[in-house]
Amino acid sequence: MIGRIRSQTVEVGRSVADWMENRTGIVTALEHFLYEPVPKRGAWLYTLGSATLFLITLQFLTGILLLFYYVPTTDHAWNSVYYIMNEAYFGKLIRGIHYWSANFLMAVIGLHMARTFFSGAYKAPREMNWIVGVILLLLVIGLAFTGYLLRWDQDGFWASVVGIKIGSYSPFLGPYITHFLLGGDVVGPATLSRFFAIHVWLLPAAIAPFIGIHLYLLRRHGEFGSEFEYSDRLAKLHERQRQEEYARREEGE
């Protein structure tokens with residue numbers, strides 16, 4: 001009985017996949033998108049990029065759910081977070097996932113950048129993808145910084161004060177950026193409102209297209225340092241050496 005149900009389920013799945021493939025080509029496109037050859041040694045290090053994308057997606061999804069209860073005002077911000085943690089259904093779980101995935105995201109994206117650097121994945125023709133990755137790193141740091149104030153507790157308040165103070169020492173643009181973030185002379189309601197807008201709307205809207213560009217360039221040029229690329233380069237090098245040796249012999253004769 002169980003075997004028959006299992007076989008019927010497999011057949012239905014295949015029929016649905018074939019139907020979608022014939023009409024949209026999504027199966028082939030998905031296979032092409034997900035397939036990425038990596039070297040056997042250190043293969044797990046090449047999953048850090050996928051882990052980063054997963055964590056960013058998790059941040060977006062849990063952040064949307066938190067928006068149903070969070071109130072971005074100085075009078076109600078902390079109370080709304082308290083309500084999420086103690087009264088809302090699954091609120092503690094969702095906020096916990098949002099909080100811890102944000103911490104893991106900073107660690108994983110740092111490891112991903114380190115792996116990219118030490119494997120030489122920033123070299124030609126992948127310089128543009130490295131630049132896009134650095135921009136994504138800065139945007140994610142901006143997400144972490146702006147999100148810290150939204151709790152509107154002592155830790156978030158004074159961490160934001162210190163962070164804005166450090167930014168004020170930037171040459172030329174420091175005072176203007178500080179005034180823009182504060183919305184006044186000190187951290188207050190305008191600051192919370194601006195941090196909320198930057199965290200929820202501006203930075204996610206900037207991150208999404210850069211992720212698309214990053215993935216497109218990755219699929220276009222592949223991973224630098226993979227055994228497949230090295231094998232291809234070595235084969236071409238040996239062929240060129242044989243041709244040069246043959247040419248020298250011809251000249252000697």
Side-chain angles (χ1 to χ4, degrees), residues 52 55-110 112-113 131-211:
T52 301
L55 291 172
I56 291 177
T57 304
L58 199 61
Q59 285 285 289
F60 285 176
L61 295 178
T62 54
I64 291 172
L65 295 176
L66 292 174
L67 283 175
F68 283 97
Y69 294 99
Y70 179 74
V71 182
T73 64
T74 54
D75 294 332
H76 300 96
W78 189 89
N79 291 329
S80 64
V81 174
Y82 182 86
Y83 180 83
I84 291 171
M85 292 294 292
N86 296 278
E87 301 293 337
Y89 287 112
F90 301 106
K92 191 172 185 178
L93 174 64
I94 294 172
R95 184 172 180 263
I97 293 174
H98 191 76
Y99 174 81
W100 286 108
S101 62
N103 286 278
F104 281 116
L105 175 59
M106 297 305 301
V108 171
I109 198 171
H112 176 56
M113 295 293 289
I131 294 173
V132 172
V134 172
I135 294 173
L136 282 171
L137 174 63
L138 296 176
L139 292 175
V140 169
I141 292 174
L143 272 180
F145 177 68
T146 54
Y148 208 59
L149 179 66
L150 300 186
R151 302 181 303 179
W152 201 246
D153 57 5
Q154 290 294 319
D155 289 340
F157 180 88
W158 291 110
S160 300
V161 170
V162 173
I164 293 174
K165 188 66 175 179
I166 293 173
S168 66
Y169 291 104
S170 300
F172 306 114
L173 297 178
Y176 300 100
I177 295 176
T178 300
H179 183 76
F180 170 75
L181 291 177
L182 288 175
D185 297 325
V186 296
V187 176
T191 312
L192 180 62
S193 179
R194 296 190 178 199
F195 271 51
F196 176 78
I198 294 171
H199 184 79
V200 174
W201 299 109
L202 183 60
L203 291 178
I207 286 175
F210 276 107
I211 289 177

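Keep in mind the model is a prediction, meaning the values are calculated, not measured. Just so you know, residue 1 is the first one in the sequence shown, and it goes up from there.
- Nearest heavy atoms, Gly167 versus Thr178: C-OG1, 4.2 Å.
- Within the model, atoms OG1 of Thr146 and CD1 of Ile141 stand 11.5 Å from one another, a figure rounded to the nearest 0.5 Å.
- A donor-acceptor contact shorter than 3.5 Å is absent between the side chain of Ser193 and the backbone of Pro189.
- Between Val81 and Trp152, every side-chain heavy-atom pair lies at or beyond the 4.5 Å cut-off.
- Rounded to the nearest 0.5 Å, atoms CE (Met85) and CD1 (Ile94) are 11.5 Å apart.
- Rounding to the nearest 0.5 angstrom, the gap separating the CD atom in Gln59 from the CG atom in Leu66 is 9.5 Å.
- Dense packing is recorded around CG of Asp155, with more than 12 heavy atoms of other residues, nucleotides or ligands lying under 6.0 Å away.
- Nearest approach of Ala190 to Gly183, heavy atoms of both residues: CB-O, 3.8 Å.
- Closest heavy-atom contact between Ala144 and Met106: CB-SD, 4.2 Å.
- The two residues Leu143 and Pro204 come nearest to each other via the heavy atoms CD2-CD, 4.2 Å.
- The backbone N or O of Leu173 lies less than 3.5 Å from no partner atom in the side chain of Ser170, so there is not a single donor-acceptor pair.
- Here Arg194 pairs with nothing under the salt bridge (charged side-chain N to carboxylate O under 4.0 Å, His left out) rule; sequence neighbours left out.
- Note that the OG atom of Ser80 and the OH atom of Tyr69 stand 12.0 Å from one another [nearest 0.5 Å].
- Closest heavy-atom contact between Asp75 and Asn79: O-ND2, 3.4 Å.
- Residues satisfying the side chain to side chain donor-acceptor pair (under 3.5 Å) test with Gln154, not counting sequence neighbours, are Trp158.
- Within 6.0 Å of the CZ atom in Phe104, the count of heavy atoms belonging to other residues, nucleotides or ligands does not exceed 12.
- Two rings, from Phe195 and Phe145, have their centers less than 6.0 Å apart.
- A donor-acceptor pair under 3.5 Å is absent between the side-chain atoms of His98 and the main chain of Thr62, judged by distance alone.
- Residues Ile198 and Leu181 have side chains in contact (heavy-atom distance under 4.5 Å, counting atoms from C-beta outward).
- Atom CG of Leu192 sits about 12.5 Å away from atom CZ of Arg151, to the nearest 0.5 Å.
- Here the side chains of Ile166 and Val162 are in contact, with some heavy-atom distance below 4.5 Å.
- Atom CZ of Phe90 has 12 or fewer neighbouring heavy atoms from other residues, nucleotides or ligands inside a 6.0 Å radius.
- The distance from the CD1 atom of Ile56 to the CG atom of Leu136 is 6.5 Å, given to the nearest 0.5 Å.
- Looking at Phe196 and Leu149, their side chains never come closer than 4.5 Å, going by heavy atoms from C-beta outward.
- Within the 4.5 Å cutoff, the side chain of Ser101 has no heavy atoms near those of the Tyr99 side chain.
- No side-chain donor-acceptor contact under 3.5 Å links Tyr83 to the backbone of Gly91.
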